[in-house]
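Structure first, then comments.
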Amino acid sequence: MPELPEVETTRRGLAPALEGAKIIRVIKRRDKIRILIPDDFEKRIEGRKVANIKRRAKYLQIYLDSDDVIICHLGMSGKFIVKKNDNEPFAKHDHIIFQTDSDDMVIYNDPRRFGLMTICHSSELEQHKLFRDMAAEPLGNEFNGEYLLEKLATRKTPIKTCLLDQKTVVGLGNIYVCEALNMTKISPTKMANEISAHEAEELVSAIRNILGRAIDAGGSSLKDFARTDGDLGYFQHQFAIYGREGEACRNDGCGGTVGRINQGGRSTFYCPECQK
DNA sequence: ATGATGTCCTGGGCGC
DNA sequence: TGCGCCCAGGACATCA
């Protein structure tokens, strides 16, 4: 379940194979992942050089020298594999393949097909419907206590649900929201509009801290991205609360037991003892 | 307008 | 062992 750190790690892993390379061939093995891949997708990419790769929220943006931008979301189970062309048959769920002039194969593999791949002109990117309503980047300067507090002030929904909303802040998924709430000892069921200015500041710090550490951890695994089949493991991070139902809460001196509730059809892991 | 719910999809884990 | 059931979840669509 790629959240911001995994997407950022993927961006850094793809850069050496793609930036500056010419994409000589695009193979589309199905017309649709989560949404339709445009009919002219291959035509707009083949023969173009990759200028650079950026990330916005959980999206990758691959800029081409034609000023077109490939937009990619990994969904739940999407990943990129980089390897030299070995003429092996494609694996199950290899949906889209980019072949470069250095004979690299950059393969998008996504078993659950919750991912997305499309293309648009760079001049239309900001107003693209995927991006236009997005909130600030959690690691950018715009995101601070004041910003978050203002976003939360009008929301009559649990803070857990609100932090998952990409209109509040982008890049967070179920795991990192649970972690941030546990770190700040805030109950996931507390209403967003009841979060104090102090709590908002604490949340911002926690979110920056946990995302930063996860990106660092991903960076240390980058060598694996280029090695062997280039498959990047997403689940190497150590989480304090996520998936630890029944275990002791790891917050200092807490002594509580990790519980699990359902919010909006998603599991929330939290400590009923210290998260108030 | 906002919040709540449904939807897409497959693999893995579990119970019987 | 094998079958069927349920769960995981990002973000959009749709409904109230």
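Letters go in sequence order (proteins before strands), and every chain restarts at 1.
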Which nucleotide sits closest to the side chain of A:K32: C:dC12, C:dG10, B:dC9?
-> B:dC9

Would you mind classifying the nucleic acid contact of A:K92 as base, sugar-phosphate or nothing, using non-hydrogen atoms under 4.0 angstrom?
-> sugar-phosphate

Nearest-nucleotide comparison on DNA chain B, the residue closer to the 5′ end among A:K156 and A:R266 = A:K156

With respect to the phosphate group of C:dG10, does any side-chain polar atom (N or O) of A:H73 fall under 4.0 Å of OP1 or OP2?
-> no

Looking at C:dA11, B:dG3, C:dC12, which one has an atom nearest to any side-chain atom of A:R155?
-> B:dG3

Scan side-chain atoms only and decide if A:S196 and A:H198 contain a donor-acceptor pair under the 3.5 Å cut-off.
-> no

Out of B:dC8, B:dT10, B:dG3, which has the shortest distance to the side chain of A:F114?
-> B:dC8

Whole-Å gap separating P (B:dT10) and NZ (A:K79) | 14 Å

Does a side-chain heavy-atom distance below 4.5 Å link A:L74 with A:Y108?
-> yes

Would you indicate whether the side-chain heavy atoms of A:L116 and A:I33 approach each other to under 4.5 Å?
-> no

Among C:dA11, C:dC12, C:dG10, which nucleotide sits nearest the side chain of A:N174?
-> C:dG10

To the nearest Å, how far apart are A:D133 CG and C:dG10 P?
-> 19 Å

Between A:L172 (CG) and C:dA11 (P), how many Å, whole number?
-> 10 Å

Can you say whether the rings of A:F41 and A:F98 are parallel (under 30°), tilted (30 to 60°) or perpendicular (over 60°)?
-> tilted

Please give, in whole Å, the distance from C:dA8 C1' to A:Q263 CD?
-> 16 Å

Phosphate contact (C:dA13 OP1 or OP2) by A:K129 side-chain N/O below 4.0 Å | yes

Rounded to whole Å, the CG-P distance (A:D165 to B:dT5) equals 16 Å

Can you find an N or O donor on one side and an acceptor on the other, under 3.5 Å apart, linking the side chain of A:R112 with the base of C:dA8?
-> yes

Nucleotide nearest A:H93 when distance is taken to its side chain, options B:dG11, B:dA4, C:dA11 = B:dG11

Among C:dA8, B:dC9, C:dA11, the one nearest any side-chain atom of A:S267 is C:dA8

Value in whole Å for how far the P atom of B:dG11 lies from CZ of A:R113 = 9 Å

Output yes when at least one side-chain N/O atom of A:R260 is less than 4.0 Å from OP1 or OP2 of C:dC7, else no.
-> no

Of A:R30 and A:T157, the one whose closest nucleotide on DNA chain B sits nearer the 5' end is A:T157

Atom OH of A:Y59 to atom C1' of C:dA11: distance rounded to whole Å?
-> 7 Å

Taking the side chain as every heavy atom from C-beta outward, state whether A:H95 and A:R113 have any atom pair closer than 4.5 Å.
-> yes

So, A:K190 and A:E199, do they make that salt bridge, N to O below 4.0 Å?
-> yes

Tell me: CD1 of A:I35 to P of B:dC9, nearest whole Å?
-> 13 Å

